[in-house]
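Atoms within each ligand, like the ligands themselves, are counted from 1 in listed order.
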Amino acid sequence: MNYLHRYLNNLVISLCLLFSCGVATAATDCAVTIESNDQISWNKQAIEVDKQCSEFTITLVHAGKLDKEVMGHNWVLAKEQDMSAVAKGVWMQKATDYIKEDPRIIAHTQLIGGGEQSSIVVEVNKLQEGQKYVYFCSYPEHVELMHGTLELLEEKRE
Ligand code: ZN
């Protein structure tokens, strides 16, 4: 069942990549892939979202081998000023994969382990210009090493 769900999820993502979901022009990249590993790190510390995108897809890949029980990663988005409150006490939220019910969480992927991936679509019209956003992994003790900033840009810098 889990496999089927993942398969369908991947299928949707693949179709989106093929036909570029949304109304963005071909030149606009409305998706980003972040690769994480077994060393509590990932390869992107900053994401810029083009305002021309109606939806922006974040795909978190876990290129490591360790299980999510010991080296789980997720991608959680919040406003910069909300981050510490959102991140506080997440270690107690194991039952919900370290995500607590909090309206300040704008978007989040699933918690994944080695060899897995999870995608989330961010509605770009929910993001405000000039507002700084942060993303982080909410697995206990990972936030210090796994975080980054996300900003809305009018035109993507080359
Ligand atoms: Zn993590």
Notebook entry, point to check: Is Ile40 close enough that one of its N/O/S atoms sits under 2.8 Å from the Zn ion (ligand 1)?
Noted result: no
Notebook entry, point to check: Closest N/O/S atom of His142 to the Zn ion (ligand 1), by atom name?
Noted result: ND1
Next item on the list: With the side chain counted from C-beta on, respond yes when Asp50 and Val124 share a heavy-atom pair under 4.5 Å apart, and no when they do not.
Entry: no
Check: When you draw lines from the Zn ion (ligand 1) to SG of Cys137 and to O of Gly72, what angle lies between them, to the nearest 10°?
Finding: 100°
Margin query: Name the residue from Ile120, Ile99, Ile112, Val90 that meets the side chain to side chain contact (heavy atoms under 4.5 Å, CB included) definition with Asn74.
Written below: Ile99
Checklist line | Ring geometry between Tyr98 and Tyr139 (parallel below 30°, tilted from 30 to 60°, perpendicular above 60°) | finding: perpendicular
Note to self: With carbon and hydrogen excluded and only N/O/S kept, which atom of His73 is nearest the Zn ion (ligand 1)?
What the structure shows: ND1
Check: Do Val32 and Ile58 touch side chain to side chain, with heavy atoms closer than 4.5 Å?
Finding: yes
